[in-house]
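Residues take their numbers from the sequence shown, with the count starting at 1. Atom set for the values below is all heavy atoms of this structure, side chains included, hydrogens, waters and symmetry mates excluded. Nothing here was measured: the structure is a model prediction, and the numbers come from that model. Ligands are counted one by one from 1 in listed order, and the atoms in each one are counted from 1 as well.
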Amino acid sequence: MNKENTVSRLPVMSGKRAHAVTSDGEHQQPAQKKMRKVDIDPAPRARPAATVVPKRMLPPKQAVTRPLRPTGAATVAAGPSQGLHRPPVASVPKAGATAISKGPKRPGWDLKGKVSDMEVKVQTYQSRVKSVNQENENLKDSISKIQKRESQMQEENVQLKKRLRECEEELSALCSMKKDLEMVSKERDDLQRELSNLSEQHKVLQGLRDNLESELCNVQSQLSVQTSALNRCQDSLRQSQETVSSLQETVAQQRDELHHGEMERRKLHNTIQELKGNIRVFCRVRPLLTEGKSEIPHIQLPAHDNKSLTLARVEESHTGRTVDTQKSYNFSFDRVFGPSARQQEVFEEISLLVQSALDGYNVCCFAYGQTGSGKTYTMEGGDLEDMRGVIPRAVQQIFKSAQALKEQGWQYTFTASFVEIYNETLRDLLYTGKSNKRPEHEIRKVSNNEITVTNLTYQKVSTEDEVCNLILLANQNRSTARTNMNDHSSRSHSVFQLDIDGENRDRDIKCK
Ligand SMILES: Nc1ncnc2c1ncn2[C@@H]1O[C@H](COP(=O)(O)OP(=O)(O)OP(=O)(O)O)[C@@H](O)[C@H]1O
């Protein structure tokens, strides 16, 4: 709303109009000035009512403008509605008084004229008062209308404020709804994106499912083929199981037979060994160690007989008168090995005794002879495979046979010991402690006629290598002894002992 609108709606008369109404414009000027002053002051009060009135609700123009036309007193009449209670009529007499004082003067004696003038003036004033009153009435009507209108407008204003509040509430509700809507639309966008992703995944999964389904079809067809094959297999399995059970019975029978055969073999084998002689003596002739000499003239080994040997010796005449005579001494043994006999040949003769040891018989094999005759070579031999002696070969055979007998239910445990006898003193060759703390040893006979050596190292062994390591250890101990005891080896004896404990739990048999 602007000022122009405010002014145009009020029932205020312009200065021009005031001049047009009065007959003697000079007398009207002061009253108009006063009325304008009154009009200015209440303006701020009138404006708010005017600002809220919409154009369409204004009263018809004629109703407002017509009562304002007569004089500037209309401006004065607006005063009361704006809080000024000065009666508008009060200014008229004052104006009139001013007009009287300025009119043409009659001589002092013309009292009649003066009275008529006064009467004219009174009539004029009366008509003016009348018109002013009329105008005042009009203005009052218009004020009451305006007030009514104002109250209506105030009501409308209240309604509008209420409506405004409602609108504001609606607006805030709409704002929150808008926010909600934005969130929902955002969520919807997210969901749409997710949906598109899921639909892509769904497509992929559908593809996979199709593949899997086709694969499943293949597998099912294979399965049906396999099932029929399985049924055939189950039939054949049943047949096989029957065969197996009958075979198992056969195997059990054969095992029994094998066991009986094994026991029979042992018995016969050892009967043969006994028949061959419980004590057997073999003779081995060492080759000459001097290079170039291969023949030993005084020893004769018959080519067709490997059990005899002839020693030839030239015997000098006791008297010196007769010629020296060549004498021969024949010796017979269980077997004679010549200088060219290999280690393997010697062992073959002994291996049958090794089998007897596994069968539970006590077997002893020892070499006897003068120093340098080849005892150590025969029993232990060299490092090369061809030069290995009786002990390593016997150990190898024992472990191989023990492994083979496992299938028949035999379990073996082996305990090794190695002792040296020198001048009737025992020495533990497997001793690994400090030399100054070597224990004393004694040979004792225990309850079941077994011979044991006190404080001797009895070492459990389970492989051939373990036994070979023990033999190496024993050789080291003997070497040390040689150094310390000024080479007594030619007068000492070493005894390697391997205790074999066999057990067949299925048959409840033990052998030792
Ligand atoms: N059959 C053989 N073939 C080749 N060399 C042999 C044979 N027998 C023994 N020798 C060699 O003869 C030497 C003496 O042998 P060995 O040490 O075995 O005798 P020994 O009887 O143990 O002696 P000692 O009683 O003094 O210990 C060694 O060098 C050995 O290699």
Side-chain angles (χ1 to χ4, degrees), residues 279-303 305-312 331-354 363-397 416-431 467-498:
I279 298 171
R280 265 173 271 170
V281 181
F282 305 128
C283 174
R284 187 178 194 186
V285 180
R286 173 175 68 72
L288 290 173
L289 298 177
T290 321
E291 280 186 21
K293 284 189 176 181
S294 58
E295 281 191 14
I296 309 169
H298 62 283
I299 299 176
Q300 291 174 2
L301 299 167
D305 183 11
N306 61 5
K307 291 187 178 181
S308 63
L309 169 123
T310 304
L311 285 181
F331 296 92
S332 63
F333 298 91
D334 288 297
R335 175 82 190 261
V336 175
F337 297 99
S340 60
R342 291 166 53 234
Q343 296 280 61
Q344 176 62 25
E345 280 179 61
V346 177
F347 177 68
E348 277 172 12
E349 200 62 42
I350 293 168
S351 68
L352 296 172
L353 296 172
V354 174
V363 174
C364 174
C365 176
F366 74 91
Y368 179 81
Q370 72 173 67
T371 181
S373 61
K375 301 184 292 293
T376 309
Y377 181 84
T378 300
M379 296 306 285
E380 295 179 15
D383 294 331
L384 296 173
E385 176 63 31
D386 196 41
M387 290 172 71
R388 294 174 79 203
V390 169
I391 293 174
R393 285 172 192 269
V395 168
Q396 189 180 37
Q397 185 184 341
S417 63
F418 219 141
V419 67
E420 185 183 48
I421 306 165
Y422 175 70
N423 283 342
E424 297 188 359
T425 304
L426 296 172
R427 183 182 161 81
D428 185 2
L429 291 180
L430 301 183
Y431 179 75
V467 178
C468 291
N469 289 335
L470 290 181
I471 292 169
L472 283 173
L473 175 66
N475 282 336
Q476 282 173 5
N477 276 330
R478 288 191 86 183
S479 305
T480 313
R482 273 197 198 109
T483 318
N484 293 343
M485 299 167 75
N486 195 21
D487 192 12
H488 65 266
S489 65
S490 60
R491 282 153 285 160
S492 73
H493 306 281
S494 65
V495 180
F496 172 72
Q497 190 173 330
L498 187 68

> Step by step, would you call Y377 with Q343 a side chain to side chain contact (heavy atoms under 4.5 Å, CB included)?
Replying inline: CA-CA 9 Å; Y377 181 84; Q343 296 280 61; 3.7 Å; yes
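- Considering backbone and side-chain atoms alike, P339 places every N or O at 3.5 Å or more from each N or O of ligand 1.
- The residue from R286, M379, Q343 that puts a heavy atom closest to atom 12 (O) of ligand 1 is R286.
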> When you look at I471 and V467, which way does the side chain to side chain contact (heavy atoms under 4.5 Å, CB included) test go after all the steps?
Replying inline: CA-CA 6 Å; I471 292 169; V467 178; 4.2 Å; yes
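- Residue contact check: S373 has heavy atoms under 4.0 Å from atoms 19 (O), 21 (O) of ligand 1.
- Under a 3.5 Å cut-off, the side chain of R286 and the backbone N or O of G372 do form a donor-acceptor pair.
- Heavy-atom contacts of L289 reach the following atoms of ligand 1: 11 (C), 12 (O), 13 (C) (cutoff under 4.0 Å).
- A distance of 6.0 Å or more separates the ring centres of F282 and F333.
- Only the side chain of R284 comes within 4.0 Å of ligand 1, counting heavy atoms alone; its backbone N, CA, C and O stay farther away.
- Residue contact check for ligand 1: P287 places a non-hydrogen atom closer than 4.0 Å to it.
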> What do the steps show when you test F331 against V336 for side chain to side chain contact (heavy atoms under 4.5 Å, CB included), and what is the final call?
Replying inline: CA-CA 10 Å; F331 296 92; V336 175; over 6 Å; no
> What do the steps show when you test L429 against S494 for side chain to side chain contact (heavy atoms under 4.5 Å, CB included), and what is the final call?
Replying inline: CA-CA 9 Å; L429 291 180; S494 65; 4.3 Å; yes
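- Interface of Q370 with ligand 1, defined as ligand atoms under 4.0 Å from a residue heavy atom, comprises 21 (O).
- In terms of polar-atom proximity, defined here as any N/O pair under 3.5 Å, G374 does make such a contact with ligand 1.
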